[in-house]
Student: 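A single structure is presented below for examination.
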Amino acid sequence: MAQAIVWFRNDLRLDDNPALRAALDADLAPVCVYIHAPDEEGTWAPGAASNAWRHRSLAALDAQLRRRGSRLRLFHGPSLATLQSLVDTCEAQAVFWNRRYEPRIETRDALIKSALRGSGVRAESHNGALLFEPWALQTGQGGPYKVFTPFWRKALSEWRLQTPWEAPRTLPSSEAGPAGVALDALGLRPARPWDADFWPLWQPGEAGASETLEIFIDGALRGYSAGRDRPDRVGTSRLSPHLHFGEIAPWRVVAAIEAGRTAATAPDIDAYIRELGWREFGHHLLHHFPHTPEQDFNPRFARFPWARDASALIEAWHLGRTGVPIIDAGMREMWSTGWMHNRVRMIVGSWLCKHMRVHWREGARWFWDTLVDADLANNTLGWQWIGGTGADAAPYFRIFNPVTQAQKFDPAGAYIAKWLPELAGIPVPLRFSPWTAPDVLKRVAPGYPSAPVVDLAGGREAALAAYQRSR
DNA sequence: TGAAGTTTGAC
DNA sequence: TCAAACTTC
């Protein structure tokens, strides 16, 4: 049987894998490879938490391939040279992969595709990650969308999803060509086990993704429209890292969720699929506006007076020592688990960009390194949104009050107590703003900051004034 | 997928 | 008196 290279990237699954399917449909034995080449991603090489996840996800994929009589071969880049050498040594007839949409990767992959084709090899990329390719939806004028609502209306009107596909129980094995390097040689696993608290919560890989989906459907999906805003509960799908690494296809998530549609569940199902729509919109924007991971979408903010020398403020934010419990709880949740609830991401983001008046790229960089679901499309969309600089963003003057938000979405103060145990002894009305009861705070949690690093009312006023000045 | 201040209208 | 509606940033 002739061979094909199946080049795994952010599609670390077998089911619903269009590249793997293409190889099998062509009657070619898949040589499954992963090529480690972080330098080819420029300034957005994967961060530490992301690498820790990938290490385990690659191990899971290899185990799954072995159960089917195949295996995953690992290599160091550069990607093109590695693929060319694999094509030669395996005498492969084709190379298949699933597309990524990060600007540097799109450019690199286009070069790789044309180089392979230039040497007479069949090279094909497929859609393994999105419900709609970024170029599939266009405005009436023929351009990209910049506003979510019309984008999503268009998507719903052209709703056609890939049909689920299950990988065969046995894969043709191929021993041709080099064996590759050991997983540890890629250096993805942290040298010091700072990620120890991640793994009771997460199971990287395709099996973990399916299990997470089932848990969501049996649990938080009912009541999702309201429950997703509650960081004190399991109210969200927690699928984001699995979707980022392609451990499950979004169309499979949609199909599974739709399967239980009733009149009662319809609003929750629609609300969740709309969130997947934001993920689609993020990829659409990243593809059409490739400078947005670095630059404000709205050029007006070039004149905005960001705070000077905010390094002490930024450090307090990093460490979860701002003195505002809901913010510090969120930052510590992320540090411990590699993930932060989305409502809390908005609160900590608003605090950084508005009260601290620090440019969103500082936040984007920190999230990039600390989140297991760090994704250039979603991270950029989220930070441009909360910073007020984005395409369809919250206006800059929409400033979250972290005390009000905590009262509303963590009413029993349970989320705060979980991540800031030193504040658990402060009774609930005071736990949201402990600086208002200085003697209690000093007695119960003497190590916690005695006051917010930025005054809530003063910071809000300063941000509004700065916005006015820049107009 | 804000907050805060003001107005309005039902008691 | 108070909550919902409205307005402004």
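Please read all numbers here as calculations on a predicted model, not as lab measurements. Chain letters run A, B, ... following the sequence lines, proteins first and then strands; every chain starts at 1.
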Student: Check step by step if side chain to side chain contact (heavy atoms under 4.5 Å, CB included) holds for L376(A) and W368(A).
Tutor: CA-CA 8 Å; L376(A) 196 59; W368(A) 186 254; 4.1 Å; yes

Student: Assess the residue pair E362(A) and W383(A) against the criterion (side-chain hydrogen bond (donor to acceptor under 3.5 Å, both in side chains)); give the C-alpha distance rounded to whole Å, side-chain angles, the decisive distance to 0.1 Å, and a yes or no.
Tutor: CA-CA 10 Å; E362(A) 292 287 339; W383(A) 278 103; over 6 Å; no

Student: Please state how far atom CZ in F400(A) lies from atom C1' in dT1(B), giving the value in whole angstrom units.
Tutor: 6 Å

Student: From CG of L464(A) over to P of dA3(B), roughly how many Å is that when rounded to an integer?
Tutor: 13 Å

Student: Taking only side-chain N and O atoms of R469(A), does any of them lie within less than 4.0 angstrom of OP1 or OP2 on dC9(C)?
Tutor: no

Student: Tell me which residues in residues 268-289 of chain A lie within less than 4.0 Å of DNA chain B, going by non-hydrogen atoms.
Tutor: E275(A), W278(A)

Student: Please determine whether side chain to side chain contact (heavy atoms under 4.5 Å, CB included) holds for the pair I112(A) and W7(A), giving the CA-CA distance in whole Å, both sets of side-chain angles, and the decisive distance to 0.1 Å.
Tutor: CA-CA 12 Å; I112(A) 288 175; W7(A) 178 23; 3.7 Å; yes

Student: Quick check against the 3.5 Å criterion: does K354(A) have a side-chain atom that pairs as donor or acceptor with the backbone of Y396(A)?
Tutor: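 Confirmed, K354(A) side chain pairs with Y396(A) backbone.
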
Student: How many Å lie between CG on L456(A) and P on dA3(B), as a whole number?
Tutor: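 It works out to 11 Å between those atoms.
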
Student: Mind listing the residues from residues 344-354 of chain A sitting with a heavy atom below 4.0 Å of DNA chain B? Number order is fine.
Tutor: M346(A)

Student: Over how many whole Å does the gap from N401(A) atom CG to dG5(B) atom P extend?
Tutor: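 N401(A) atom CG is separated from dG5(B) atom P by 11 Å.
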
Student: Rounding to a whole Å, what distance do you find between Y396(A):OH and dT8(C):P?
Tutor: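 Taking OH of Y396(A) and P of dT8(C), I get 22 Å after rounding.
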
Student: Rounded to the nearest Å, what distance is computed from the CZ atom of residue R398(A) to the C1' atom of nucleotide dG2(B)?
Tutor: 6 Å

Student: Please check this pair: side chain of D11(A) against backbone of R9(A), looking for a donor-acceptor N/O pair closer than 3.5 Å.
Tutor: yes

Student: For R332(A), enumerate each residue passing the salt bridge (charged side-chain N to carboxylate O under 4.0 Å, His left out) test, keeping only those at least two apart in sequence or located in another chain.
Tutor: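 For R332(A), the residues satisfying salt bridge (charged side-chain N to carboxylate O under 4.0 Å, His left out) (neighbours in sequence not counted) are E422(A).
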
Student: With respect to the phosphate group of dT1(B), does any side-chain polar atom (N or O) of N342(A) fall under 4.0 Å of OP1 or OP2?
Tutor: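 No, no such contact exists.
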
Student: Hey, does the side chain of T337(A) reach the backbone of E333(A) with a donor-acceptor pair shorter than 3.5 angstrom?
Tutor: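 Flag set: sc T337(A) to bb E333(A) pair under 3.5 Å.
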
Student: So does Q405(A) get a side-chain nitrogen or oxygen closer than 4.0 Å to the phosphate oxygens (OP1/OP2) of dA3(B)?
Tutor: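 Answer yes for this pair, as a side-chain N or O of Q405(A) is under 4.0 Å from OP1 or OP2.
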
Student: Check whether any side-chain heavy atom of S237(A) lies under 4.5 Å from a side-chain heavy atom of L213(A), and answer yes or no.
Tutor: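 No, side chains not in contact.
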
Student: Measuring to OP1 and OP2 of dA3(B), would you say a side-chain N or O of K408(A) lies under 4.0 angstrom away?
Tutor: yes

Student: Walk me through whether T236(A) and N342(A) qualify under side chain to side chain contact (heavy atoms under 4.5 Å, CB included).
Tutor: CA-CA 9 Å; T236(A) 64; N342(A) 188 55; 5.8 Å; no

Student: Between E461(A) (CD) and dA4(B) (P), how many Å, whole number?
Tutor: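 These atoms are roughly 10 Å apart.
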
Student: Please state how far atom NE2 in H355(A) lies from atom P in dG2(B), giving the value in whole angstrom units.
Tutor: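 It is 14 Å, rounded to the nearest whole Å.
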
